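Before I ask anything, let me first share the structure, which is written out below as structure tokens.
Every heavy atom of this structure was used, including side-chain atoms; hydrogens, water molecules and symmetry mates were not. Just so you know, these numbers come straight off a predicted model, no measurement behind them.
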Amino acid sequence: MKPAPIKDEITFDDFAKVDIRVGKIIEVSEVAKSDKLMKLTVDFGDHTRSILAGIKQERENPKEIEGKQALFVVNLPERKMAGEVSQGMLFDIGYEDKLQPCLACPETETHNGARAG
């Protein structure tokens with residue numbers, strides 16, 4: 001694999017605006033109107049969210065990530081896709097580089113809702 005070029009530089013203040021949190025994927029379910037999206041129900045400690053992720057075709061069994069902790073961006077505006085609302089974004093590594101996708105996750109189990117950065 002040849003790494004992609006590094007994106008344009010951002011300021012630390014730009015980066016500090018992104019709220020990245022650990023969440024536990026409680027359930028992975030089908031999105032009826034989509035060939036790509038799966039709906040993740042994610043526990044962030046004090047609340048749960050529905051987050052849509054384009055993992056249906058990336059993984060042989062998308063449900064394999066149920067019960068795992070991963071990193072999510074939680075301060076994006078809600079977005080409606082395929083008739084469902086997404087309340088964040090999953091960090092999933094590899095797909096953009098045509099590699100086998102894997103979750104960006106904490107090294108050891110930690111508190112749901114813990115901030116990254």
Side-chain angles (χ1 to χ4, degrees):
M1 180 202 113
K2 182 179 179 194
I6 293 175
K7 294 178 181 181
D8 292 340
E9 189 174 272
I10 63 172
T11 67
F12 184 80
D13 288 341
D14 289 336
F15 175 73
K17 292 176 186 176
V18 182
D19 193 344
I20 303 167
R21 303 223 178 190
V22 173
K24 186 171 191 171
I25 303 165
I26 303 302
E27 182 180 13
V28 178
S29 55
E30 296 276 337
V31 174
K33 298 178 183 177
S34 177
D35 293 332
K36 294 181 181 180
L37 297 173
M38 296 294 286
K39 180 179 176 180
L40 312 180
T41 302
V42 183
D43 176 6
F44 288 100
D46 60 347
H47 69 285
T48 60
R49 290 184 179 212
S50 294
I51 296 180
L52 302 179
I55 63 172
K56 190 182 283 187
Q57 296 176 352
E58 294 178 12
R59 299 171 179 274
E60 189 173 317
N61 177 14
K63 288 187 167 277
E64 71 190 0
I65 63 173
E66 283 182 353
K68 297 189 181 208
Q69 286 188 317
L71 296 178
F72 297 85
V73 177
V74 296
N75 64 332
L76 293 169
E78 289 186 356
R79 183 172 174 196
K80 192 168 188 175
M81 299 181 281
E84 300 271 353
V85 174
S86 185
Q87 299 171 304
M89 185 183 82
L90 168 70
F91 271 103
D92 205 21
I93 301 166
Y95 183 76
E96 289 295 318
D97 293 316
K98 301 188 178 15
L99 301 173
Q100 178 65 38
C102 63
L103 296 178
C105 56
E107 179 180 344
T108 58
E109 182 114 355
T110 190
H111 296 281
N112 295 330
R115 293 179 294 167

For residues Ala82 and Leu37, report the shortest heavy-atom separation together with the two atoms involved.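 Result for this residue pair: CB-CD1, 4.2 Å.
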
Glu30 and salt bridge (Lys or Arg N to Asp or Glu O under 4.0 Å): which single residue from Lys39, Lys56, Lys36, Lys63 fits?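 When Lys39, Lys56, Lys36, Lys63 are each tested with Glu30, the salt bridge (Lys or Arg N to Asp or Glu O under 4.0 Å) holds only for Lys56.
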
Can you find a heavy atom in the side chain of Ser86 that is under 4.5 Å from one in the side chain of Glu84?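 When only atoms from C-beta onward are counted, Glu84 and Ser86 do not touch, as no gap falls below 4.5 Å.
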
Closest contact, heavy atoms only, Gly23 versus Asn112: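 Gly23 and Asn112 have their closest heavy atoms at C-OD1, 4.0 Å.
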
Taking the side chain as every heavy atom from C-beta outward, state whether Met89 and Arg79 have any atom pair closer than 4.5 Å.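 Result no, sub-4.5 Å side-chain heavy-atom pair not found.
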
If you draw a 6.0 Å radius around NE2 in His111, do more than 12 non-hydrogen atoms from other residues or ligands fall strictly inside?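 No, NE2 of His111 has 12 or fewer neighbouring heavy atoms, counting only those of other groups under 6.0 Å.
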
Do Arg59 and Ile65 make a side-chain contact, defined as non-hydrogen atoms from C-beta onward lying under 4.5 Å apart?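 Arg59 reaches Ile65 side chain to side chain.
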
Locate the shortest heavy-atom distance separating Lys24 from Gly67; write the atom from each residue and the value.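 Nearest heavy atoms, Lys24 then Gly67: CE-O, 3.2 Å.
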
For the student: nearest non-hydrogen atoms of Ile25 and Ala70, plus distance: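 So the two residues come closest at CD1-CB, 4.3 Å.
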
Hydrophobic cluster identity match, Phe91 and Val22, side-chain contacts under 4.5 Å: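 Same cluster.
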
Leu52 CG to Lys80 NZ distance, which is reported to the nearest 0.5 Å: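 Going from the CG atom of Leu52 to the NZ atom of Lys80 covers 11.5 Å.
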
Do Ile51 and Leu71 share a hydrophobic cluster (ILVMFWY, side-chain heavy atoms under 4.5 Å, transitive)?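 No: no chain of side-chain contacts under 4.5 Å links Ile51 to Leu71.
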
For Cys105, does its backbone N or O pair with a side-chain atom of Gln69 as donor and acceptor, under 3.5 Å?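 Side chain of Gln69 to backbone of Cys105: no pair is present.
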
Polar side-chain atom of Gln87 near backbone of Ser50 as donor-acceptor pair, under 3.5 Å: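 Yes, the answer is positive, given that a donor and an acceptor are paired below the 3.5 Å cut-off.
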
Closest heavy-atom pair and its distance - Asp92, Cys102: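 Residues Asp92 and Cys102, closest heavy atoms: OD1-O, 3.0 Å.
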
Give, for atom CD1 of Ile26 and atom CZ of Phe44, the distance between the pair rounded to the nearest 0.5 Å.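 Reported value, rounded in 0.5 Å steps: 10.0 Å.
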
Report the distance from atom CD1 of Ile93 to atom CG of Leu99, rounding to the nearest 0.5 Å.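 Between atom CD1 of Ile93 and atom CG of Leu99 there are 10.5 Å.
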
Atom pair CG/NZ of Leu40 and Lys68 - distance to nearest 0.5 Å: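 So the CG of Leu40 and the NZ of Lys68 are separated by 13.0 Å.
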
Main-chain N/O of Asn75 paired with Asp19 side-chain donor or acceptor, under 3.5 Å: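 The answer is no, because no donor-acceptor pair under 3.5 Å joins these two groups.
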
Could you measure the distance from the CZ atom of Phe15 to the CD1 atom of Ile20? Nearest 0.5 Å is fine.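 Going from CZ on Phe15 over to CD1 on Ile20, the span is 4.5 Å.
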
Measuring only between side-chain heavy atoms, which start at C-beta, is Leu103 closer than 4.5 Å to Leu90?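 With C-beta onward as the side chain, the pair touches.
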
Out of curiosity, Arg49 CZ to Glu78 CD, how far, rounded to the nearest 0.5 Å?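 Output value for this atom pair is 7.5 Å.
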
Between Asp14 and Ile10, which heavy-atom pair has the shortest distance, and what is it?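 Looking at all heavy atoms of both residues, the shortest contact is OD2-CB, 3.8 Å.
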
